[in-house]
Trainee: 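Attaching a single structure in structure tokens format; questions to follow.
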Amino acid sequence: IKRIALLTSGGDAPGMNAAIRAIVRTGIYNNLEVVGIKNGFSGLLKKDFVEMKSNSVSKIISRGGTILKSARCKEFKLKETREKAFANLREMGIDALIVNGGDGSFRGADLLSKEFGFPVIGIPCTIDNDIYGTDFTIGFDTAINTVIEAVDKIRDTAESHNIIFFVEVMGRDSGFIALYTSIASGAEATLLPEVKTDIKQICSYMEQERRANKTSGIIIVAEGDKEGGATEIARKVKEQLPEYETRVTILGHIQRGGNPSCKDRVLASILGHGAVTALLEGKQGVMVGMAHNRTVYTPLEETYLKHDQIDHNWIEVSKIISL
Ligand code: F6P
């Protein structure tokens with residue numbers, strides 16, 4: 001292997017830049033040429049390539065987002081699109097590809113690797129933390145810290161005005177962000193895509209809280225909750241309990257931005273380095289992850305076919321300690 005390429009794909013995640021920096025610097029340290037592909041798989045199709053030097057990644061470790069930009073590329077599901085991508089990689093003399101992204105990106109990456117025997121390594125980057133094969137994904141730690149900072153502020157005004165706030169956090173299919181931030185902010189209830197939401201139960205819980213003289217509260221709602229997002233749930237609760245003062249806050253994309261936390265910078269640096277060394281050792285078609293503080297490799301296929309599950313006991317714990 002002489003020349004490697006890297007791209008960032010899917011929803012951006014704080015720490016992607018730290019991963020880019022580690023890949024570029026580890027590559028150069030090992031006498032490899034490193035090529036950045038802009039705008040994810042779409043850039044690969046348009047030959048949107050940039051040669052990366054050591055100073056191309058100076059002072060980016062602390063920055064959120066991705067200097068290579070990111071995109072979701074639906075066409076990559078088509079075989080002919082992947083053929084074009086493979087042809088472009090060959091034309092540019094690229095011997096291997098590192099894909100920084102989530103499970104959708106790994107599906108495409110895995111097909112590229114299998115169909116053409118092309119060496120591909122994945123690095124788990126998503127604020128959702130829903131990828132099998134790593135304890136944590138790059139971006140999750142920063143995102144949950146952004147959420148609790150916001151919820152602490154909401155708590156102040158909720159308490160001053162005796163309001164129940166429904167705070168919507170990201171997580172279309174996964175409740176990791178909701179569960180962690182609910183525990184950390186002492187929220188009164190947590191609604192997740194993994195657990196069926198019962199509006200009656202939430203109402204009786206709120207009544208119970210009122211009897212315990214609690215006049216305000218925070219209910220964290222994952223955007224993927226099956227009963228609807230925070231707006232819909234707040235509306236249904238208000239129908240049952242019209243006397244309650246309620247408000248909705250949707251945190252939205254602020255969760256994806258911001259300077260990465262120390263933990264995300266370290267995780268991204270170790271995994272970026274691990275991806276390049278994996279290629280040099282002849283590994284391919286795997287994702288590099290971190291389990292019990294050790295670098296581990298998981299076949300790409302498993303990362304999207306298996307699912308990292310929330311621990312249902314934690315929901316119980318969260319309820320017990322917020323009563
Ligand atoms: O995958 C990360 C994520 O932030 C999800 O939590 C969220 O559902 C989705 O991206 C939002 O994506 P978009 O900004 O493309 O709507």
Side-chain angles (χ1 to χ4, degrees), residues 10-14 64 72 102-104 126-130 137 139-206 209 214 216-242 244-258 261 307-312 314-315 318-319 322:
D12 64 344
R72 302 189 198 271
D103 57 353
T126 165
I127 63 164
D128 293 350
N129 200 40
D130 58 348
T137 56
F140 176 65
D141 185 63
T142 309
I144 54 179
N145 279 296
T146 300
V147 172
I148 59 165
E149 204 186 315
V151 174
D152 288 348
K153 289 177 179 160
I154 293 169
R155 172 79 77 186
D156 291 343
T157 186
E159 186 62 16
S160 306
H161 288 272
N162 301 327
I163 294 173
I164 306 287
F165 267 87
F166 292 83
V167 182
E168 184 176 300
V169 299
M170 277 188 168
R172 201 164 19 210
D173 307 306
S174 156
F176 277 105
I177 296 178
L179 186 54
Y180 269 71
T181 57
S182 187
I183 292 174
S185 61
E188 277 66 31
T190 323
L191 310 183
L192 313 163
E194 292 88 343
V195 180
K196 197 176 162 14
T197 294
D198 182 344
I199 301 288
K200 281 214 174 72
Q201 210 174 5
I202 301 172
C203 294
S204 68
Y205 189 69
M206 283 168 61
E209 294 268 309
K214 278 200 183 180
S216 69
I218 302 283
I219 298 180
I220 304 266
V221 185
E223 64 173 329
D225 185 275
K226 303 288 183 285
E227 279 292 315
T231 311
E232 189 54 14
I233 289 172
R235 190 190 60 77
K236 288 176 183 167
V237 168
K238 186 86 178 161
E239 252 172 34
Q240 310 272 325
L241 301 172
Y244 277 75
E245 195 66 42
T246 60
R247 294 284 187 281
V248 174
T249 301
I250 298 173
L251 294 181
H253 287 74
I254 63 159
Q255 294 163 91
R256 288 229 298 253
S261 66
H307 289 285
D308 215 2
Q309 302 292 349
I310 53 158
D311 186 337
H312 284 245
W314 287 29
I315 302 171
S318 151
K319 275 188 197 153
S322 67

Trainee: Once rounded to the nearest 0.5 Å, what's the spacing between atom CZ of Phe176 and atom OG1 of Thr181?
Mentor: 12.5 Å
Trainee: Provide the closest heavy-atom pair for Ser322 versus Ala187 in the form atom of the first, atom of the second, distance.
Mentor: CB-O, 3.2 Å
Trainee: Just how far is it from atom CD1 of Ile199 to atom CD of Gln240, taken to the nearest 0.5 Å?
Mentor: 8.0 Å
Trainee: Does one side chain, of Glu159 or Ser216, offer a donor that lies under 3.5 Å from an acceptor on the other?
Mentor: yes
Trainee: At what distance, to the nearest 0.5 angstrom, does CD1 of Ile154 lie from CD1 of Ile163?
Mentor: 11.0 Å
Trainee: A quick test of your reading: do over 12 heavy atoms of other residues, nucleotides or ligands sit less than 6.0 Å from CD of Glu149?
Mentor: no
Trainee: Does a side-chain heavy-atom distance below 4.5 Å link Met206 with Val237?
Mentor: yes
Trainee: Is there side-chain contact between Ile315 and Leu179, with at least one heavy-atom pair below 4.5 Å?
Mentor: yes
Trainee: Would you kindly say whether Asp141 and Ser261 are connected by a side-chain donor-acceptor distance under 3.5 Å?
Mentor: yes
Trainee: Say whether, by atom type as modelled, one donor and one acceptor occur between the side chain of Tyr205 and the main chain of Glu188 under 3.5 angstrom.
Mentor: yes
Trainee: Return the orientation label for the Tyr180 and Trp314 ring planes: parallel under 30°, perpendicular over 60°, tilted otherwise.
Mentor: tilted
Trainee: Would you check if Ile254 and Thr146 make a side-chain contact, meaning some heavy-atom pair closer than 4.5 Å?
Mentor: yes
Trainee: Could you report the tightest heavy-atom contact between Gly139 and Ala13, atom names first, then the distance?
Mentor: CA-CB, 4.1 Å
Trainee: How far does CD1 of Ile183 sit from CD1 of Ile220, to the nearest 0.5 angstrom?
Mentor: 11.0 Å
Trainee: Is it the case that the side chain of Glu168 and the backbone of Ala230 share a donor-acceptor pair, with hydrogens and angles ignored and the cut-off at 3.5 Å?
Mentor: yes
Trainee: Restricting to non-hydrogen atoms, name the atom on Ser318 and the atom on Thr190 that form the minimum distance, rounded to 0.1 Å.
Mentor: OG-OG1, 3.5 Å
Trainee: Mind checking the CD-CD1 spacing from Glu223 to Ile250? Nearest 0.5 Å is all I need.
Mentor: 9.5 Å
Trainee: I need the single residue from Asn129, Ile127, Thr126 that forms a side-chain contact (heavy atoms from CB on, under 4.5 Å) with Phe140. Which is it?
Mentor: Asn129
Trainee: Of the non-hydrogen atoms in Thr142 and Gly257, which two are nearest, and what is the gap between them?
Mentor: CG2-O, 4.4 Å
Trainee: Quick one: side-chain contact (heavy atoms from CB on, under 4.5 Å) partners of Glu194, sequence neighbours excluded?
Mentor: Ser174, Leu192, Ile310, His312
Trainee: Are the side chains of Ser185 and Ile148 in touch, meaning some heavy atoms are under 4.5 Å apart?
Mentor: yes
Trainee: Tell me, which pairs form a ring-ring contact (aromatic ring centres under 6.0 Å, His included) where one or both residues lie in residues 141-169, sequence neighbours left out?
Mentor: none
Trainee: Can you check side-chain contact (heavy atoms from CB on, under 4.5 Å) on Val169 and Gln255, steps first, answer last?
Mentor: CA-CA 8 Å; Val169 299; Gln255 294 163 91; 3.5 Å; yes
Trainee: As an exercise, state the distance from CD1 of Ile218 to OG1 of Thr249, rounded to the nearest 0.5 Å.
Mentor: 8.0 Å
Trainee: Backbone N or O of Gly104 within a donor-acceptor pair of the Arg72 side chain at under 3.5 Å?
Mentor: no
Trainee: May I ask you to decide whether Glu232 forms a salt bridge with Arg235, counting only side-chain N to carboxylate O separations under 4.0 Å?
Mentor: yes
Trainee: Kindly give the heavy-atom pair with the smallest separation between Gly258 and Pro14, and that separation in Å.
Mentor: O-CB, 3.8 Å
Trainee: So which heavy atom on Ser182 is nearest to which on Ala189, and how close?
Mentor: OG-O, 3.9 Å
Trainee: Are the side chains of Thr137 and Asp128 in touch, meaning some heavy atoms are under 4.5 Å apart?
Mentor: no
Trainee: Is it true that, when you exclude Lys226 itself, more than 12 heavy atoms of the residues, nucleotides or ligands shown sit nearer than 6.0 Å to its NZ?
Mentor: yes
Trainee: Within the 4.5 Å heavy-atom criterion, are Thr197 and Ile202 side-chain neighbours or not?
Mentor: yes
Trainee: Given the rule in the side-chain contact (heavy atoms from CB on, under 4.5 Å) test, do Ile233 and Ile219 qualify, once you have shown the distances and angles that lead to the verdict?
Mentor: CA-CA 10 Å; Ile233 289 172; Ile219 298 180; 5.9 Å; no
